[in-house]
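Proteins get letters first, then strands, A, B, ... in listed order; numbering begins at 1 in each.
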Protein chains: 2
Amino acid sequence: MKTRTRHDPAGQDQDATPGTRERIVRAASVLMQRQGYDGTGIKQISQEAGATLGSVYHFFPGGKQELAVAAVRRGDEEFAGILREILDGEPGPAEAVVAVTRSLAEGLRASDWLDGCPVTATALGTAGRLPDIQRAASSAFAGWEGIVAEMLRAAGIAEEEAADLAGMVVCTLEGAELSAQVSRDERPLLVAGEQLARLIALSLRGGLPAGS
Amino acid sequence: MKTRTRHDPAGQDQDATPGTRERIVRAASVLMQRQGYDGTGIKQISQEAGATLGSVYHFFPGGKQELAVAAVRRGDEEFAGILREILDGEPGPAEAVVAVTRSLAEGLRASDWLDGCPVTATALGTAGRLPDIQRAASSAFAGWEGIVAEMLRAAGIAEEEAADLAGMVVCTLEGAELSAQVSRDERPLLVAGEQLARLIALSLRGGLPAGS
DNA sequence: GTCTATAGGATGATAGAC
DNA sequence: GTCTATCATCCTATAGAC
């Protein structure tokens with residue numbers, strides 16, 4: 001699926017000396033995550049990537065829009081990987097969700113509250129205007145939900161309830177990271193983690209259906 | 001606090017024939033909500049408001065940045081009003097939160113998924129770059145949390161737990177609205193409403209502390 | 001307070017040499 | 001594939017007449 005112009009002996013995408021296209025996508029992902037679609041210039045991306053403007057348009061003939069879609073997909077895959085990694089390392093779903101919030105809080109603090117969700121800023125500024133970007137973002141959310149839902153089902157929660165809970169988890173993580181970033185305070189994320197854990201524990205015990 | 005150039009007999013800010021400054025702030029709020037800070041031009045704002053560029057800089061000598069702060073504050077007040085109105089009309093906090101999600105879903109659908117949270121897009125695109133806007137957005141979130149916390153305390157939830165729950169509610173609403181807008185589907189909001197209601201019901205019964 | 005005109009710079013995108 | 005030069009357009013902000 002990915003066009004590699006350089007021979008890759010290991011057959012994997014390592015970080016070592018990434019190709020030009022790869023550097024452009026990475027730079028676009030980081031910059032648009034921080035500044036949004038309209039706030040990020042192609043010239044800025046090319047400089048940050050150590051490439052020229054010509055190279056950008058060589059790899060992305062569709063221009064800024066095509067590049068933004070690639071950047072969102074990249075952010076999608078990155079967070080999906082982190083999510084899977086954390087979830088696999090925790091004993092249960094409640095602990096796993098708390099661990100994710102802690103990881104997000106660390107990432108925010110380490111970047112001085114600059115690096116939030118890798119798709120939100122790009123998607124939000126282009127909401128009813130650039131459908132390709134919107135679709136890529138929507139697909140990212142759906143994928144993350146699927147990962148969380150799988151974990152919940154593996155823990156014994158019924159199919160339908162797991163899907164609802166997973167949606168709730170992803171939405172809350174999204175909102176809590178946003179709130180933490182804007183207020184430059186990790187508390188929203190930590191509180192969200194605790195409350196989500198409470199909710200998951202409740203479902204694990206099969207208690208208190210929604211209507212009561 | 002507000003400079004009114006026109007005589008206002010009722011002593012209130014009615015919608016009838018709003019002054020130029022008011023029209024500019026409204027247009028800026030709507031446009032930045034949809035397109036973000038960098039995606040919205042001052043010229044576009046002035047046209048939408050039926051004002052000239054000179055008028056915009058007359059009322060907002062600080063330029064785009066000052067105007068964006070006013071727009072975010074306006075969005076803050078508007079949603080705070082809606083929130084208070086809905087919360088007052090519901091019998092309990094669980095029903096109230098569900099009613100809010102339904103209202104948000106209706107607003108999204110009615111605008112063809114264009115009008116999401118009135119502060120998120122503006123704040124997110126300017127995150128570590130324009131502190132004044134960030135502070136206005138942070139203050140908005142804090143205010144909404146306060147409104148929700150007051151409702152929860154009035155329902156008998158202890159001070160500290162009410163604060164945490166209110167933070168959770170606002171974060172989840174934020175994330176669910178974002179998710180619903182991006183996926184053009186109201187389900188994230190409705191699921192979030194149900195799950196938040198479950199969580200609130202749990203707190204009302206004093207059950208299942210976070211650590212268990 | 002309202003309006004027009006314009007300065008000064010940045011933007012997305014293209015052309016074409018190498 | 002890489003690079004530079006350039007076009008046409010847009011932007012924020014200002015100046016100054018009315």
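Remark: A:Arg21 does not engage A:Glu66 in a salt bridge, criterion side-chain N to carboxylate O under 4.0 Å. Salt-bridge annotation for B:Arg26 and B:Glu22: present, with a side-chain N of the basic residue lying under 4.0 Å from a carboxylate O of the acidic one. Under 4.0 Å is where a charged nitrogen must lie from a carboxylate oxygen, and between B:Asp38 and B:Arg129 at least one such pair does.
Taking a 6.0 Å sphere around CD of A:Glu95, one finds it holds more than 12 heavy atoms contributed by other residues, nucleotides or ligands. Taking a 6.0 Å sphere around CZ of A:Arg102, one finds it holds 12 or fewer heavy atoms contributed by other residues, nucleotides or ligands. At most 12 heavy atoms of other shown residues, nucleotides or ligands fall within 6.0 angstrom of atom CZ in B:Arg73.
If you measure from atom NZ of A:Lys64 to atom C1' of C:dA10, you get 11 Å, rounded to the nearest angstrom. The NZ-C1' distance, from A:Lys43 to D:dC11, rounds to 14 Å in whole Å. Atom-to-atom, CD of B:Gln47 to C1' of C:dC3 comes out at 14 Å; the value is rounded to the nearest Å. Atom pair B:Ile45:CD1 and D:dT12:P shows a separation of 8 Å (rounding to whole Å applied). As rounded to whole Å, 12 Å separates atom C1' of C:dT11 from atom OH of A:Tyr37. Nucleotide D:dA13 holds its P atom 5 Å from the CD1 atom of B:Ile42, rounded to whole Å. Residue B:Ile24 contributes atom CD1, which lies 8 Å from atom P of C:dT2 at whole-angstrom precision. Rounded to whole Å, the distance from CG on A:Asp38 to P on C:dT11 is 12 Å.
Of all heavy-atom pairs between B:Tyr37 and B:Met32, the closest is CD1-CE, 4.0 Å.
The B:Leu53 side chain lies nearest to D:dA13 when the options are D:dA13, C:dT14, C:dT2. Among C:dG1, D:dT2, D:dT12, the nucleotide with an atom closest to any side-chain atom of A:His58 is D:dT2. Of the candidate nucleotides D:dA13, D:dT2, C:dT2, C:dT2 has the atom lying nearest to any side-chain atom of B:Thr52. Across D:dT12, C:dT2, D:dG1, the shortest atom-to-atom separation from the side chain of B:Thr20 is found for C:dT2. Each of D:dT2, C:dA13, D:dA13 was ranked by its minimum atom distance to the side chain of A:Phe59; first place goes to D:dT2. Residue B:Tyr57 has its side chain nearest to D:dT12 when only D:dT12, D:dT4, C:dT4 are considered.
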For nucleotides 15-18 of chain D, list the nitrogen or oxygen atoms of the protein found under 3.5 Å from its nitrogen or oxygen atoms, one pair per line.
none

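At the heavy-atom level, A:Thr40 lies under 4.0 Å from the strands shown only through sugar-phosphate atoms.
Dashed line: the shortest gap from a side-chain N or O of B:Ser55 to OP1 or OP2 of C:dT2 is under 4.0 Å.
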